[in-house]
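Report on the structure given below.
A note on names: the letters A, B, ... follow the listed sequences, proteins ahead of strands, and every chain is numbered from 1. The basis for the numbers below is simple: all heavy atoms, side chains too, and nothing from hydrogens, waters or symmetry mates.
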There are 4 protein chains.
Amino acid sequence: MTYPTALGASSKDAITLLGHDLADDVMGKVGFGELAFWLATQRRPTPGETRVFEAVLAALADHGFTPTAIVTRLTHLSAPDSVQGALAAGLLGGGSRFLGVTEDCGRFLHDHLPVERPTTDDGWDAVALEIVTAQRAAKRFVPGLGHHVHKDGDPRTPRLFTLAAEEGLTGPHLRLFAAIGRVHPQVLGRTLPLNGAGVCGAALADLGLPLELLRGFALLARTAGLIGQLAEELRHPVANDIFLSVDLHNRSVDPDPYQPEGDLR
Amino acid sequence: MTYPTALGASSKDAITLLGHDLADDVMGKVGFGELAFWLATQRRPTPGETRVFEAVLAALADHGFTPTAIVTRLTHLSAPDSVQGALAAGLLGGGSRFLGVTEDCGRFLHDHLPVERPTTDDGWDAVALEIVTAQRAAKRFVPGLGHHVHKDGDPRTPRLFTLAAEEGLTGPHLRLFAAIGRVHPQVLGRTLPLNGAGVCGAALADLGLPLELLRGFALLARTAGLIGQLAEELRHPVANDIFLSVDLHNRSVDPDPYQPEGDLR
Amino acid sequence: MTYPTALGASSKDAITLLGHDLADDVMGKVGFGELAFWLATQRRPTPGETRVFEAVLAALADHGFTPTAIVTRLTHLSAPDSVQGALAAGLLGGGSRFLGVTEDCGRFLHDHLPVERPTTDDGWDAVALEIVTAQRAAKRFVPGLGHHVHKDGDPRTPRLFTLAAEEGLTGPHLRLFAAIGRVHPQVLGRTLPLNGAGVCGAALADLGLPLELLRGFALLARTAGLIGQLAEELRHPVANDIFLSVDLHNRSVDPDPYQPEGDLR
Amino acid sequence: MTYPTALGASSKDAITLLGHDLADDVMGKVGFGELAFWLATQRRPTPGETRVFEAVLAALADHGFTPTAIVTRLTHLSAPDSVQGALAAGLLGGGSRFLGVTEDCGRFLHDHLPVERPTTDDGWDAVALEIVTAQRAAKRFVPGLGHHVHKDGDPRTPRLFTLAAEEGLTGPHLRLFAAIGRVHPQVLGRTLPLNGAGVCGAALADLGLPLELLRGFALLARTAGLIGQLAEELRHPVANDIFLSVDLHNRSVDPDPYQPEGDLR
């Protein structure tokens with residue numbers, strides 16, 4: 001039994017990463033975003049791909065006092081001996097609700113790409129119209145549509161479209177996402193913004209990154225953000241105040257015995 | 001009660017990160033390594049600092065089938081529904097033994113820096129000689145010295161010294177570490193390599209990053225590596241073979257009742 | 001804003017848990033399995049319910065060198081400073097594949113319970129026949145059916161049926177599960193065992209525990225098992241041998257560039 | 001290479017746990033607390049040992065809105081798809097500060113047990129006096145002494161002393177802890193309560209459980225508590241209100257560039 005890998009390997013005198021000499025060909029020559037892309041796909045991205053990829057990571061790195069940030073700070077408060085535990089705890093919040101939109105949107109667009117790709121915006125609009133109509137009929141949301149704060153538009157969205165266009169990297173996922181942005185008002189009867197998490201998923205899918213791991217890239221971005229949160233917590237701590245704000249407002253109530261649905265006997 | 005933060009913030013129309021407009025001033029303009037540095041220190045690094053920082057991240061990103069990589073793959077095998085769980089589980093191995101050398105070395109050097117900084121290599125050698133002699137007398141290791149595979153030299157070490165020198169970023173931690181490399185044979189009676197994890201800790205300390213979080217940067221690097229491991233596992237799975245290689249070689253033995261030290265009654 | 005809870009609360013002179021005095025009415029009077037049930041449902045179980053519940057926990061506590069056990073041992077090897085990290089890493093493998101059968105089976109049975117409950121085995125057999133036939137037609141598995149090792153029968157299954165019967169706690173989930181065991185051969189053309197994880201899910205559902213948390217009880221049981229694994233690892237370590245058995249058999253291969261499905265330009 | 005274990009093992013027809021037949025000899029006959037003790041020590045506890053052990057687990061299971069409880073609820077809010085992630089995140093707070101007192105106290109008592117065990121309270125008082133005096137001289141705390149809420153006495157402490165005495169399980173750790181409670185006022189000049197976490201550590205040490213894993217038992221207890229927190233959150237959710245109470249009170253401030261100690265150039 002052997003375990004093949006194309007990632008890190010070392011012998012007595014050399015270390016390789018992805019088939020390249022780590023010291024001579026990677027260190028000092030490959031940026032960190034570029035390397036993360038390369039590790040995930042085993043192909044080196046172009047400078048344009050790296051730029052779009054890093055723009056996505058920047059968009060997802062930190063959103064202030066999200067549950068993940070609060071969790072990392074509280075875990076550090078409770079277990080200051082383990083930086084890895086505080087970061088891991090924060091990342092465990094990177095699931096279906098908060099970071100999941102990126103993944104859901106990328107997959108949704110991918111699953112709805114037509115076999116024959118339209119060549120005009122009108123063509124994409126027709127595809128989008130059908131999709132949004134079908135979702136509405138099924139009473140299902142369109143991932144990436146709507147934002148509870150940026151109701152008139154998420155500033156990350158036009159910026160990422162522009163960056164992808166500048167680099168010649170506007171692919172079918174971004175095109176379809178843009179079309180959904182144009183046509184949905186005529187189906188839904190109101191105009192919702194294309195949100196930043198969604199456009200990030202579309203851009204990552206257009207970069208050819210594995211759809212199963214779109215959530216992983218959001219988590220990589222967030223790792224940098226959570227280190228920022230920890231660094232700030234170490235210097236200007238708020239976790240204990242957050243804890244007390246909850247604990248001091250707890251209210252003891254009587255137990256409420258759980259009744260399962262239906263008769264069990 | 002308010003909770004101050006200089007990290008991410010958003011209003012209806014804008015999103016800021018570190019006091020800058022995220023869409024216009026960060027996305028497309030700030031690389032991911034640069035951003036991670038900025039988030040951790042709340043100051044923007046110079047291009048030279050970014051280059052050295054990203055070289056460190058590259059050095060630590062992936063070392064093949066380490067325990068952390070095996071853990072991420074096995075956790076994904078067992079719980080494929082949770083990418084965040086597989087990554088978090090791998091990061092939890094980033095503790096005192098494997099990733100800890102980076103942190104331990106950075107702290108050790110920092111704690112032993114002389115108040116008066118030498119201006120010559122001879123001066124640093126004298127400081128280092130005293131330190132290594134004291135550690136030996138106390139039967140303690142010098143962090144960053146020795147490697148179980150790269151016995152004649154870890155290729156990452158000279159490379160990182162060179163990169164720091166090219167960028168004018170050789171500070172007291174790297175100088176002291178180099179001096180330890182020069183003088184230890186006369187104390188220990190044999191020549192050990194300065195290892196890559198150790199030089200990374202020295203370089204991160206010279207970049208002015210918070211010592212309490214040196215382990216965090218190793219974890220950030222490793223997050224990219226673990227995504228690479230997961231991506232490879234999805235396409236060329238080995239986790240089930242690893243599991244079976246252990247399970248098929250298990251040998252059932254009789255219980256061995258634990259006896260605490262000393263008499264308890 | 002207040003945060004109501006019926007769980008732990010304390011004042012200067014007293015601590016209550018679930019509305020009872022912790023020191024006088026819980027400590028020394030309530031077993032740990034009983035307490036876990038009570039915490040999850042906010043109602044105190046009967047002795048019979050506790051006995052069946054603890055039998056389920058025993059059935060799920062440890063299965064030797066599973067991925068979760070290997071993960072806990074490897075994480076401890078890599079980060080011996082953090083017992084909490086080693087346990088948490090192991091629990092993160094408690095997802096859809098390994099521990100998930102318990103939850104899936106409990107939910108599946110619940111979702112397929114007829115509104116009118118049969119009063120005879122023949123009645124349940126008719127219900128089960130319909131369900132198994134429908135699953136087969138949809139090419140879907142029946143959760144809880146089949147075991148890769150115990151091909152002629154999982155010894156936990158008849159034992160748990162017996163225990164539930166002894167305590168008068170055989171409810172509709174166990175009845176339906178038993179019926180599936182009787183009728184499936186005539187649909188599938190071969191006889192598969194009802195597995196232990198499945199019968200545990202049925203028993204937990206019949207105990208009236210929240211279906212959303214069935215996985216949680218498996219994780220509670222496994223926490224005890226993982227502490228056993230750690231305790232054994234501390235005295236008779238094998239994690240380093242496991243690590244080396246993988247690392248020494250790694251084989252460096254060329255990168256295999258990822259090609260996303262479909263054309264992206 | 002084989003991997004020996006005395007824990008779970010299975011063959012085609014049987015499953016054993018700790019050398020016993022799981023179905024016939026464990027399920028329905030061994031309580032969960034008893035099993036957890038047995039797994040950790042590979043010896044079956046007596047009924048008295050089980051009673052004291054389960055009293056400790058009850059004492060540590062849940063303390064209301066602690067950081068660990070808040071973390072589990074927030075992680076579930078953010079990633080409702082992963083019960084294992086929510087529980088693991090909560091456990092990661094079980095570190096040196098909150099759950100650590102149990103472990104620290106058990107170890108501290110163990111490290112200070114005299115070789116010759118006193119046979120009278122007066123003898124233990126003399127030992128305790130020396131220890132508390134030495135700690136004070138070294139400006140170090142005595143673990144287990146003091147409580148921020150139960151200033152006049154933690155109700156768990158006398159209860160656990162009583163239970164241990166009832167079962168004939170008062171060993172040297174509990175004796176020394178009691179003596180510290182009696183003599184410390186004459187050294188420190190004020191009377192502090194012996195806290196519940198501390199007495200739990202003393203009791204676990206007297207039960208002969210491995211000192212390296214005392215934190216593990218606190219985590220086992222807390223797992224049951226966190227399942228209770230999740231169950232309550234599912235029915236009476238508060239996590240979103242907690243999140244909003246933090247997020248709505250965030251205050252954006254200017255970055256505060258980090259200055260490392262000392263000159264780096």
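The minimum heavy-atom distance linking A/Ala55 with B/Gly28 is given by the pair CB-N, 3.7 Å. Closest of all the heavy-atom pairs between A/Arg215 and B/Val83 is CD-CB, 4.5 Å. Counting all heavy atoms, side chain and backbone alike, A/Ala224 lies closest to B/Ala36 at CB-CB, 4.0 Å. The two atoms that bring A/Gly85 and B/Leu92 nearest to each other are CA-CD2, 3.8 Å, heavy atoms only. Nearest heavy atom pair, residue B/Ala61 against residue A/Leu35, reads CB-CD2, 4.0 Å.
Between atom CG of residue B/Leu39 and atom CG of residue A/Leu230 there is a gap of 12.0 Å, rounded to the nearest 0.5 Å. Once rounded to the nearest 0.5 Å, the distance linking CG of B/Asp62 with CG of A/Leu17 reads 6.0 Å. B/Ile227 contributes atom CD1, which lies 12.0 Å from atom OG1 of A/Thr41 (distance to the nearest 0.5 angstrom).
Ranked by heavy-atom pairs shorter than 4.5 Å toward chain B, the options A/Pro158, A/Gly216, A/Pro155, A/Gly90 are led by A/Pro155. When B/Arg235, B/Gln229, B/Glu212 are compared by the number of non-hydrogen pairs under 4.5 Å with chain A, B/Gln229 comes out ahead. In terms of non-hydrogen atom pairs under 4.5 Å with chain B, the most contact-rich of A/Ser82, A/Gly196, A/Ala59, A/Gly33 is A/Ala59. Taking A/Val56, A/Leu160, A/Leu57 one by one and counting their heavy-atom pairs under 4.5 Å with chain B, the maximum is reached by A/Leu57. Interface summary for chain B: among A/Leu91, A/Ile15, A/Asp152, A/Leu209, the most heavy-atom pairs under 4.5 angstrom belong to A/Ile15. With respect to chain B, the highest number of heavy-atom pairs below 4.5 Å among A/Thr16, A/Leu226, A/Val149 belongs to A/Val149. When each of A/His150, A/Glu103, A/His63 is checked for heavy-atom pairs under 4.5 Å with chain B, A/His150 comes out on top.
Contacts between residues 1-14 of chain B and chain A, defined by a heavy-atom separation under 4.5 Å, are made by B/Met1, B/Tyr3, B/Pro4, B/Thr5, B/Ala6, B/Leu7, B/Gly8, B/Ser10, B/Ser11, B/Lys12, B/Asp13, B/Ala14.
Only the side chain of A/Leu213 comes within contact range of chain B, with heavy atoms under 4.5 Å apart. Proximity to chain A is limited to the side chain of B/Asp154, based on heavy atoms less than 4.5 angstrom apart. Looking at A/Leu87, only its side chain comes within 4.5 Å of chain B, counting heavy atoms on both sides. Proximity to chain A involves both the backbone and the side chain of B/Ile242, based on heavy atoms less than 4.5 angstrom apart. Using a 4.5 Å cut-off between heavy atoms, A/Gln42 contacts chain B through its side chain alone, with no backbone atom that close. A/Leu220 touches chain B through backbone and side chain together, each having a heavy atom under 4.5 Å away.
Using a distance-only test at 3.5 Å, with no hydrogens or angles considered, no donor-acceptor pair links the side chain of A/Arg156 to the main chain of B/Ala23. Without hydrogens or angle criteria, A/Arg159 side chain to B/Met27 main chain gives a donor-acceptor distance under 3.5 Å. The backbone N or O of B/Phe32 lies less than 3.5 Å from a partner atom in the side chain of A/Glu54, making a donor-acceptor pair.
Sorted by first and then second residue, the pairs that involve residues 209-238 of chain A and meet ring-ring contact (aromatic ring centres under 6.0 Å, His included), not counting sequence neighbours, are A/Phe53-A/Phe217.
Residues satisfying the side-chain contact (heavy atoms from CB on, under 4.5 Å) test with B/Thr162, not counting sequence neighbours, are B/Glu166. Residues satisfying the ring pair (Phe, Tyr, Trp, His ring centres under 6.0 Å) test with B/His249, not counting sequence neighbours, are none.
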